[in-house]
Amino acid sequence: MLNIVLFGPPGAGKGTQANRIKDHYSLVHLSTGDIFRFNITKATKLGLLAKSYMDKGELVPDEVTIKMLESEVIKHPNSSGFIFDGFPRTTNQAETLDKFLESKNISISKMVALDVPDEELIKRLLSRGKESGRADDQNKDIISNRIKVYKDQTAVLADYYRSQNKLASVNGVGAVDEITIRLYNAIDN
Ligand code: AMP
């Protein structure tokens, strides 16, 4: 079983690349951001709660996010693996994910991290905001807060997976196809 954490700041290209990796390795793609956005469009209780945090560029509380992620994983008992996109984002999420997977006799195979400089992230997010209409991509203050939250709470997870010898970093700047090849190489090595 191949279980990948696709890691990187907002705007690094995780969604685009996760879709390709999912197809290439026949994995189930779990994007916590996409699941929250789906719940927002359906106006579920979870969606309303998530929106109140997402609108500020803050993280949805761990207990809500973890419960949701676990319920998605158990929907796919026969999968040949998962690609986690946008999860884990805190040390608590990473530790809980490890314990949860261990209880199912599986584990994270690798974290692949996309490295992209801040100026490029802001440029990409503002341009995505114009195309997709995503509210949290249209406002510079929200974008800056998301990058700050990433640095304060999420970036440390690179150390978490490095200490388990599972971290592979990839240059996330360049043509989308080139970056995909870099990711495949990182996963296959
Ligand atoms: P994303 O689509 O990954 O950029 O996520 C969009 C927003 O959803 C984030 O800014 C957070 O508010 C929320 N979110 C997504 N994943 C998580 C997570 N693992 N933990 C907490 N909040 C999350």
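Hydrogens, waters and symmetry mates are skipped; everything else that's a heavy atom, side chains included, is used. We count ligands from 1, going down the list as the structure has it; atoms in each ligand are counted the same way.
- In terms of modelled atom types and a separation under 3.5 Å, the side chain of R146 and the main chain of K56 share no donor-acceptor contact.
- Ranking protein heavy atoms by distance to atom 19 (N) of ligand 1, first place goes to G86 O, 2.9 Å.
- A donor-acceptor contact under 3.5 angstrom links the side chains of N92 and T96, judged on distance only.
- Of the protein's non-hydrogen atoms, the one nearest atom 23 (C) of ligand 1 is F36 CE1, 3.8 Å.
- Judged by distance alone, the side chains of D98 and Q164 do bring a donor and an acceptor atom under 3.5 Å apart.
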Is there a side chain to side chain donor-acceptor pair (under 3.5 Å) between T44 and N39 once you walk through the steps? CA-CA 5 Å; T44 65; N39 276 275; 2.8 Å; yes
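- Among Q153, M54, K56, R146, the residue whose heavy atom lies closest to atom 8 (O) of ligand 1 is M54.
- Close approach of ligand 1 to Q93 is summarised as follows: ligand atoms under 4.0 Å from at least one heavy atom of the residue are 18 (C), 19 (N), 20 (N), 21 (C).
- Side chains of Y25 and D188: a donor-acceptor N/O pair is present below 3.5 angstrom, by distance only.
- For R89 and T154, the side-chain atoms include no donor-acceptor pair closer than 3.5 Å.
- For the ligand labelled ligand 1, residue R37 lies inside the 4.0 Å heavy-atom shell.
- Each of the atoms 1 (P), 2 (O), 4 (O), 6 (C) of ligand 1 lies under 4.0 Å from some heavy atom of R134.
- Atoms of ligand 1 lying under 4.0 Å from any heavy atom of E58, numbered from 1 in the order shown and given with element: 11 (C), 12 (O).
- Distance from atom 16 (N) of ligand 1 to its nearest protein heavy atom, with residue and atom name: T32 OG1, 2.8 Å.
- At a cut-off of 3.5 Å, with distance as the only test, a side-chain donor of T90 or D62 sits close to an acceptor on the other residue.
- Ring-centre distance between F87 and F82: not below the 6.0 Å cut-off.
- With ligand atoms numbered from 1 in the order given, ligand 1 contributes 13 (C), 21 (C), 22 (N) to contacts under 4.0 Å with heavy atoms of V60.
- In the vicinity of T65, heavy-atom distances shorter than 4.0 Å reach the ligand 1 atoms 18 (C), 19 (N), 20 (N), 21 (C).
- Protein heavy atom closest to atom 15 (C) of ligand 1, with residue, atom name and distance, is R89 NH1, 3.3 Å.
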